[in-house]
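Encoded as structure tokens, the structure appears first; notes follow it.
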2 protein chains.
Amino acid sequence: MPLFVGRYVNRIDKKGRVSVPKPFRDAFEGQSFNGLYVYPLFKFNAFEACGEEFMNRLSDSLDDLPMFSDEQDDLSVILESAHRLPFDPEGRVVLPAEMLKTAAITSQVLFVGRGQRFQIWEPKTYDANRGRAVERARARGATLRLRKSNGHEDS
Amino acid sequence: MPLFVGRYVNRIDKKGRVSVPKPFRDAFEGQSFNGLYVYPLFKFNAFEACGEEFMNRLSDSLDDLPMFSDEQDDLSVILESAHRLPFDPEGRVVLPAEMLKTAAITSQVLFVGRGQRFQIWEPKTYDANRGRAVERARARGATLRLRKSNGHEDS
DNA sequence: TAGTATCCCATTGACGCCCATAGGTACCCA
DNA sequence: TGGGTACCTATGGGCGTCAATGGGATACTA
């Protein structure tokens with residue numbers, strides 16, 4: 001499965017539709033459901049999107065927690081605030097009004113690849129936060145520890 | 001089988017009928033019984049709904065508990081207080097009067113997706129509780145340990 | 001026979017589908 | 001290698017269909 005990489009800015013029309021960048025759309029091929037899932041990043045006023053597989057993993061993980069536990073309730077917030085957005089024949093999705101509001105999206109949408117998932121931002125908001133992230137990384141002399149590769153197979 | 005995801009608010013009419021959101025209804029397709037099961041959440045004045053499959057799982061889990069134990073008795077209450085609600089031709093269900101009363105539902109019903117099942121709330125009641133859950137999750141720095149998929153492990 | 005529970009029909013408003021266009025890119029061919 | 005052409009992605013708009021809702025008719029039951 002292709003990874004989500006790179007940044008793309010697309011226009012949003014008055015119906016609330018945005019084209020999902022073609023390279024990102026391709027990563028969803030082979031799903032039983034032709035579309036994506038989005039949920040809020042509580043840390044920022046932005047959203048994250050993923051495919052069916054990841055969402056199922058999330059749901060299964062929640063089921064592993066004891067039923068009726070506080071833990072389960074707290075973490076379910078992601079599922080509760082998620083949206084299932086189908087692609088239209090042109091590969092666009094309709095972003096829910098409530099989403100546009102929290103992210104302060106008006107005319108443009110920024111898609112940010114993050115490997116297994118990607119994020120959805122209002123371009124200016126992203127720039128502001130990204131600037132900070134870069135500074136933090138610099139200040140900290142950021143290093144990245146890679147997982148050792150195990151011959152890589154795919155299931 | 002599609003997941004229950006997201007929140008939907010629907011109106012309840014004077015006959016006590018509510019439309020179950022179409023995306024949720026779709027998840028019940030292929031069941032021998034065209035409808036859903038509901039049972040009270042003892043922790044809150046709200047209800048949870050699921051399909052046949054999950055109900056069977058629940059019943060099996062009860063059987064795994066020691067016979068005649070307090071635990072078994074307690075959890076059996078779920079099955080005892082459960083209702084089986086059939087869909088009408090338009091995809092609506094009639095919520096039992098007793099349910100409306102405990103949940104303080106009058107004119108609007110909130111459906112909250114939770115993966116394998118979903119919850120039924122009076123909108124305002126939910127808002128009050130959800131606010132707390134989000135804060136708890138944030139405060140705890142809630143991170144979700146995902147079940148491993150294809151050789152992936154979170155760290 | 002009154003009350004209740006289904007079913008059927010009608011309305012409306014949102015959403016999905018189809019068509020059309022533009023701009024850019026990749027490809028082909030001379 | 002330059003130009004031209006065909007394709008494809010992003011975008012806009014019109015229209016039909018379907019989901020949500022309300023009301024009336026009918027069957028069932030106590």
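Naming: A, B, ... by sequence-line order, numbering from 1 per chain.
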To the nearest Å, how far apart are [X] [atom1] and [N] [atom2]?
X         : N       : atom1 : atom2 : value
Phe87(A)  : dA10(D) : CZ    : C1'   : 14 Å
Tyr8(B)   : dA14(C) : OH    : C1'   : 14 Å
Leu95(A)  : dC15(C) : CG    : P     : 12 Å
Arg92(A)  : dT11(D) : CZ    : C1'   : 6 Å
Gln108(A) : dA10(D) : CD    : C1'   : 13 Å
Asp88(A)  : dT17(D) : CG    : P     : 18 Å
Glu98(A)  : dA14(C) : CD    : C1'   : 17 Å

Q.
Between the base of dG22(D) and the side chain of Arg11(B), is one N or O donor paired with an acceptor at under 3.5 angstrom?
A.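 No.
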(Q) Can you say whether a donor on the side chain of Glu90(A) sits under 3.5 Å from an acceptor on the base of dC19(C), or the other way round? (A)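 Yes.
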Q: Ignoring the backbone of Asn10(A), work out which of dG23(D), dT11(D), dG16(C) is nearest its side chain.
A: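 Nearest nucleotide to the side chain: dT11(D).
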Q) Between the main-chain N or O of Arg114(B) and the side-chain N or O of Glu80(A), is there a donor-acceptor pair closer than 3.5 Å? A)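 No, because the side chain of Glu80(A) does not come within donor-acceptor range (under 3.5 Å) of the backbone of Arg114(B).
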Q | Check: Arg57(B) main-chain N/O paired with Ser61(B) side-chain donor or acceptor under 3.5 Å | A | yes
Q: Apply salt bridge (Lys or Arg N to Asp or Glu O under 4.0 Å) to Glu122(B) and list each qualifying residue two or more places apart in sequence or on a separate chain.
A: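 Salt bridge (Lys or Arg N to Asp or Glu O under 4.0 Å) check on Glu122(B) returns nothing, list empty.
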Q.
Is the distance from the ring center of Phe111(B) to that of Tyr8(B) below 6.0 Å?
A.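 They do not qualify: ring centres at least 6.0 Å apart.
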Q) So does Arg25(B) get a side-chain nitrogen or oxygen closer than 4.0 Å to the phosphate oxygens (OP1/OP2) of dA20(D)? A)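 Answer is yes, contact under 4.0 Å.
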(Q) Please verify the inter-ring angle class for Phe28(A) with Phe87(A); under 30° counts as parallel, over 60° as perpendicular, anything in between as tilted. (A) perpendicular
**Q.** Close approaches to DNA chain C from residues 12-24 of chain A, in residue order (heavy atom, under 4.0 Å)
**A.** Lys15(A), Arg17(A)
**Q.** Side-chain H-bond candidate by donor/acceptor type, Tyr37(A) with Glu52(A), under 3.5 Å
**A.** no
**Q.** Contact check, side chains of Met55(A) and Cys50(A), non-hydrogen atoms, under 4.5 Å
**A.** yes
